[in-house]
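Here the structure comes first, spelled out in structure tokens, and everything after it is commentary.
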Amino acid sequence: MAFRTPTENLAWLYFQYLLVTGLYVLEPWEKSIFNSVLLSVAAMAGYTSYVFVPVHLRLALRFFSDVFGGQAESAVALVS
Amino acid sequence: MTESSSNKLLNGDACQRSSKDKKSGKNGFVKNHCLFQQPQKYRRLREKNHNVVRNPSLYNKPFVESFEETPLLVAVLTYMGYGILTIFGYLRDFMRHWNIEKCSVAREREAQKDFVPLYQDFENFYTRNLYTRIRDNWNRPLCGVPGSKMDLVEQVSYDYNRTFQNTGKIMRNVINMGSYNYLGFAENVGKCADAAIEVTKKYGAGICGTRCEMGNLDIHEEMEELVARFLGVESALTFGMGFATNSMNIPALTGKGCLILSDELNHASLVLGARLSGSTIRVFKHNNMVSLEKLLRDAIVHGQPRTHRPWKKLLIVVEGIYSMEGSIVRLPEVIALKKRYKAFLYLDEAHSIGALGPNGKGVVDYFGLDPKDVDIMMGTFTKSFGAAGGYIGGSAELIEYLRSHSHSAIYATSMPPPVAQQIITSMTTIMGEDGTTLGADRLRQLSENTTYFRRKLREMGFIIYGNDDSPVVPMMLYMPAKIGAFGREMLQRNIGTVVVGFPATPIIESRARFCVSASHTRETLNTALEAISEVGDLLHLKYSRYQPTVTPGMGWMSEESYLQD
């Protein structure tokens, strides 16, 4: 469907969201409960990943570089 | 029910059995004697058109039926939608239980709270929490003849469908895509209506008696003779109610020690009749002859459970057109099976009589078969004939037996004379005995409309079910919210449709069902189609992954040529 304005486009997307999730048939207060739960879960997920993902990434990087990276000099046997 | 899964299951079943036979070979089966058992392996490519003719030699025309598979994503989203609605249903039930919210539906009385709960099963939960939310789509009062256009009483609900109020306004000229008015005989003007008025003047409207008492009028006898002639059977018996024709006559025909083989999608009246009869009921997969044959063979080989006495009677119960799937019974194959295994056949032509066949004589006429091959021809006058009641046609012996044994014939008040006259006039019109081509025109118009409507919907990309020649056109909606949204959006565009959800269909296969009528003009259909397309875009209903360039007819042809190569 062709839309004139981005607002209409957004409205259509929201309508599709209502239809797919079944919110279309719910009463407004139920809609707002569902939306706020969904939004807060999404926000929490976003925040958690913002806080913890970099740390985990850094740790993982260090771990893997320890495993696969350059070996310590003491581990190298001198063969002459 | 997705057709493919049922197919797979069946094939699995069949394979299992045949392998067992191979190993043991002692339970009485002789392999390869089945009429229709065919190994069907890995037809992934043709999945979509899997319902192709298996025994083309029995058909005199292409038999094209399609049940496109539900797209996986849609199925997942539908279940998710039901999940969300269920969660909110539980929330609302919780609130009602603790009196946070006022309960407006039936519930246990305080004095009976320790009794067995009455309103706790799934159906009740569904009615309370899902159906009520969108029930403005059903039970709307009409205030006029439901012909090709109708007038609706406008209703509003200020409390989310708990109660409705009339606004006092009338929605005029709503296009009616929902009535079973296949031949357009639901009308308040014209020959049929005039004749009915004349008869009312002569006989009055009510009878106040049963057929065996003071309620047997000459007009009834005339009607029965006409029905028998129309069907091409020896004799016919008519009843005042279509539903009761099924539910009261099956118990008269079968009883304990008989076996009823019933299609899984048979109408509630047939199911009720079968249960009332006290016979054993076995259900075969919808329109699946392999399944039917397996049941028949098992019934004959094993007989009754425990005693292993042979069954007294085997009765196959099928419908002509299945009203929710739009599919047509594979009658030539059913008759071949019936003859081979010496079973009786009960054919319910509720939707097909008048609507199918070159002469409007139902599914027997459609396939060009002999009506004598069907033992019990049942049908209703409520649809194509625009009247009320039902009939049973068959041999003279059968009809005499039913006349004295069927509850519906003995205890029910006989049919009102105006209704009988409506049936007589519409039937003579269809047969062309009134000297006009009006009936033939209507039949042609119906078949043209059906083809046109189905083709257009398919081209638009909707998933529609059923046979190409069936005037019942189910269009898949799937998601629960879309049931409500489709009905409301269509009504806003001044088109009345029937949307169907769970108890009538499997839970994920919600659909809108259009019934094409001969009274729809091309313009009416175009208006409706435009609106459907618009709503389809709005609600994202064009699920089909089918390429409109390949018509199903060509699919059938290529299948044939493929076999020849």
Side-chain angles (χ1 to χ4, degrees), chain A residues 1-70, chain B residues 71 73-92 94-95 100-101 126 129-137 157-162 477-489 499 501 507-508 510 533-543:
Chain A
M1 284 179 101
F3 292 104
R4 275 162 303 172
T5 60
T7 334
E8 271 183 18
N9 218 333
L10 274 180
W12 186 74
L13 273 178
Y14 181 64
F15 187 59
Q16 294 307 312
Y17 160 76
L18 289 183
L19 285 173
V20 166
T21 52
L23 296 189
Y24 175 85
V25 301
L26 298 185
E27 292 170 26
W29 65 269
E30 288 169 316
K31 268 181 216 168
S32 50
I33 285 181
F34 185 84
N35 283 338
S36 28
V37 168
L38 193 72
L39 273 181
S40 49
V41 167
M44 275 191 279
Y47 179 71
T48 319
S49 50
Y50 171 72
V51 170
F52 290 106
V53 166
V55 177
H56 280 291
L57 274 183
R58 204 176 316 123
L59 284 174
L61 206 65
R62 196 183 300 159
F63 175 76
F64 284 113
S65 61
D66 280 357
V67 172
F68 300 110
Chain B
L73 181 66
V74 174
V76 171
L77 289 176
T78 309
Y79 279 121
M80 187 192 74
Y82 274 111
I84 293 169
L85 290 179
T86 311
I87 291 169
F88 276 99
Y90 277 117
L91 175 71
R92 298 297 288 271
F94 173 81
M95 288 168 62
I100 303 171
E101 184 194 342
Y126 185 87
N129 296 307
L130 282 90
Y131 167 73
T132 314
R133 295 181 193 273
I134 50 171
R135 72 167 167 194
D136 54 322
N137 286 300
S157 176
Y158 295 110
D159 51 4
Y160 300 104
N161 287 354
R162 258 167 244 131
L477 303 174
Y478 296 114
M479 294 171 205
K482 289 186 184 178
I483 310 174
F486 186 78
R488 290 174 194 166
E489 292 290 337
V499 282
I507 194 137
I508 69 159
S510 309
S533 177
E534 203 183 309
V535 176
D537 283 331
L538 182 68
L539 305 186
H540 221 78
L541 293 173
K542 299 182 175 174
Y543 301 114

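To the nearest 0.5 Å, atoms CG (B/Asn129) and CG (A/Leu26) are separated by 10.0 Å. Note that CE of B/Met479 and OG1 of A/Thr21 are 10.0 Å apart. Values are rounded to the nearest 0.5 Å.
B/Arg133 approaches A/Val25 most closely through the heavy-atom pair CD-O, 3.4 Å. When all heavy atoms are compared, the tightest approach of B/Arg92 to A/Glu30 is NH1-OE2, 2.7 Å. For the residue pair A/Leu18 and B/Ala481, the shortest heavy atom distance occurs at O-CB, 4.3 Å.
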Quiz: residues 74-84 of chain B side-chain donor-acceptor pairs under 3.5 angstrom, not counting sequence neighbours:
{"from": "B/Thr78", "atom 1": "OG1", "to": "B/Val74", "atom 2": "O", "distance (Å)": "2.6"}
{"from": "B/Tyr82", "atom 1": "OH", "to": "B/Ile507", "atom 2": "O", "distance (Å)": "3.2"}

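Between chain A and the residues B/Leu539, B/Ile134, B/Leu91, the largest count of heavy-atom pairs under 4.5 Å involves B/Leu539.
Contacts between residues 55-62 of chain A and chain B, counted as heavy-atom pairs separated by less than 4.5 Å, involve no residue at all. Contacts between residues 36-51 of chain A and chain B, defined by a heavy-atom separation under 4.5 Å, are made by no residue at all.
In this structure, A/Trp12 and B/His540 have side chains that are in contact, with non-hydrogen atoms separated by less than 4.5 Å.
Under the ring pair (Phe, Tyr, Trp, His ring centres under 6.0 Å) criterion, the residue pairs touching residues 16-40 of chain A are A/Tyr14-A/Tyr17, A/Phe15-A/Tyr24, with sequence neighbours excluded.
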